[in-house]
2 protein chains.
Amino acid sequence: MSDGRSGSGFGGESLLFLTDEQLRQGIEAMFFAYRGFTADPDRILAELAYGRAHHRALHFISRSPGTTVNNLLSILGVTKQSLNRVLRALVEDGLVDSRVGTLDKRERNLYLTEQGQELEQRLSDAQRIRMRSAYKQAGPEAVQGFKKVLEAMMDADMRRAYVEMREKPQ
Amino acid sequence: MSDGRSGSGFGGESLLFLTDEQLRQGIEAMFFAYRGFTADPDRILAELAYGRAHHRALHFISRSPGTTVNNLLSILGVTKQSLNRVLRALVEDGLVDSRVGTLDKRERNLYLTEQGQELEQRLSDAQRIRMRSAYKQAGPEAVQGFKKVLEAMMDADMRRAYVEMREKPQ
DNA sequence: CAGTTTATGTCAGCATTGTTGACATTCCAA
DNA sequence: TTGGAATGTCAACAATGCTGACATAAACTG
């Protein structure tokens with residue numbers, strides 16, 4: 001593993017020889033890029049005494065209005081207790097509406113209020129500006145590759161969630 | 001900004017029309033992929049009562065042996081106080097060696113001990129396995145695009161740090 | 001149908017890791 | 001040589017992970 005060389009052997013099934021150095025570059029690219037990716041929303045959130053956790057909740061509630069707490073936490077990959085703290089703040093501040101489920105009263109269906117939509121929009125806009133600029137600089141084929149590698153990097157269940165969302169736009 | 005449509009206008013300088021929906025997919029891809037990206041090292045770290053912060057420190061000390069605290073925190077993008085806590089633990093546990101600078105005694109030069117190198121290797125190996133698998137699934141052109149978009153997504157100073165590291169392998 | 005188990009969500013308390021503030025040491029420049 | 005700047009450490013606070021305990025609603029079982 002640490003011979004600085006790796007790939008699928010010499011059997012001819014692949015000509016990809018990925019050195020540890022090449023892989024390390026990818027790792028560092030992910031690290032640095034993710035920082036940029038979150039930087040703009042982070043600045044807005046800091047003014048409002050919110051954090052990334054609030055942004056993530058707003059994003060996915062906006063994405064799937066009426067979603068339940070349970071649903072949301074499987075997407076976000078945090079515990080329900082952790083998510084709850086964030087949701088409580090958002091509900092108290094009037095950004096999120098939490099309605100008792102009609103079919104199953106244990107559930108809470110989550111919606112953005114008008115104010116919540118406003119903030120979500122503001123955060124998304126900031127993040128999209130950077131994304132759009134990166135896409136333009138890199139070009140369409142690069143974007144294709146970008147998505148392909150990211151998708152291959154996800155855990156199986158996250159890939160499922162991702163693909164499902166992608167296929168049900170709105 | 002929120003018309004679901006964006007691009008560079010109709011002037012002909014670009015035929016890229018990036019809908020908000022396309023951009024949102026990219027945003028979600030980054031989010032889900034980053035989770036996968038950190039998942040494997042996270043599992044190892046959890047066993048050892050370390051966190052991502054420790055991993056990052058080990059990675060960049062391994063990358064640039066002898067680097068200073070100041071240097072490291074500009075790369076990591078955290079405050080020196082935050083980094084210090086992590087470094088203290090690593091030094092106490094015998095993973096990192098912190099030597100008073102010879103030229104400037106205010107500085108501390110950081111090195112991995114043998115034990116530190118071992119853990120760093122273990123973490124990197126885990127992360128590289130996933131990265132290599134993603135690269136193979138996506139193919140070489142996709143990897144090119146992946147790096148191109150990520151680089152364009154970085155803040156200017158992070159891009160500088162990234163490129164610099166890339167050009168001075170080891 | 002009564003009683004138990006399971007599912008969903010909330011509240012409380014702890015750990016990690018970010019933050020700012022105060023400070024000691026060292027270097028450098030006036 | 002002395003005052004300010006740079007580097008790093010210690011302390012205390014905030015955000016957000018986590019586990020545990022619990023209330024309520026639904027579902028299952030005899």
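Owing to the predicted nature of the structure, the values given are computational and were not obtained by experimental measurement. Lettering follows sequence order; numbering is per chain, from 1. Worth knowing before you read on, the calculation uses all heavy atoms, side chains too, and leaves out hydrogens, waters and symmetry mates.
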For the pair made of CG in Leu45(B) and P in dA15(C), what is the distance, rounded to whole Å?
18 Å
Quick note, Arg88(A) side chain, CB onward, closest among dC18(D), dC11(C), dT19(C) is dC11(C)
Is the count of non-hydrogen atoms from other residues, nucleotides or ligands lying under 6.0 Å from Gln144(B) atom CD greater than 12?
no
Whole-Å distance separating the NZ atom of Lys105(B) from the P atom of dA5(D):
23 Å
Distance test, side-chain N/O of Thr79(A) to OP1/OP2 of dG17(D), below 4.0 Å:
no
Is His54(B) close enough to dT17(C) that one of its side-chain N or O atoms is under 4.0 Å from OP1 or OP2 there?
yes
Quick one: do the Glu21(B) and Gln25(B) side chains pair a donor with an acceptor below 3.5 Å?
yes
Centroid-to-centroid, Phe60(B) to Phe31(A), below 6.0 Å?
yes
Provide, to the nearest angstrom, the distance between the CD atom belonging to Glu47(B) and the P atom belonging to dC18(D).
17 Å
The side chain of Asp104(A) lies closest to which of these nucleotides: dT10(C), dA26(D), dG8(D)?
dA26(D)
How would you label the contact of Lys80(A) with the nucleic acid (heavy atoms, under 4.0 Å): base, sugar-phosphate, or nothing?
base
Between the side chains of Arg63(A) and Glu28(B), is the shortest nitrogen-to-carboxylate-oxygen separation below 4.0 Å, so that they form an ion pair?
yes
Rounded to the nearest Å, what distance is computed from the CG atom of residue Leu110(A) to the C1' atom of nucleotide dG9(C)?
11 Å
Ignoring backbone atoms, test whether Asn84(A) places a side-chain nitrogen or oxygen under 4.0 Å from the OP1 or OP2 oxygen of dG9(C).
no
Check this for me: does the side-chain of Gln81(B) come within 3.5 Å of the base of dG21(C) through a donor and an acceptor?
yes
Quick one: the side chain of Arg106(A) and the base of dA26(D), do they pair up donor-acceptor inside 3.5 Å?
no
Of Asn109(B) and Arg52(A), whose closest DNA chain D nucleotide lies nearer the 5' terminus?
Asn109(B)
Could you state the atom-to-atom distance from NE2 of His55(B) to P of dT17(C) in whole Å?
13 Å
Taking atom P of dT8(C) as reference, at what distance in whole Å does atom CD of Glu107(A) sit?
7 Å
Give the rounded distance in Å between these two atoms: CG of Leu48(A) and P of dA15(D).
13 Å
Tell me the interatomic distance from Leu103(B), atom CG, to dG8(D), atom C1', rounded to whole angstroms.
17 Å
Ignoring hydrogens and geometry beyond distance, is the side chain of Arg85(A) in donor-acceptor contact with the base of dG17(D) at under 3.5 Å?
yes
Which sits closer to the 5' end of DNA chain D, Leu83(A) or Thr68(B), going by the nucleotide each is nearest to?
Thr68(B)
Would you call Asp155(B)-Arg35(A) a salt bridge at under 4.0 Å N-O?
no
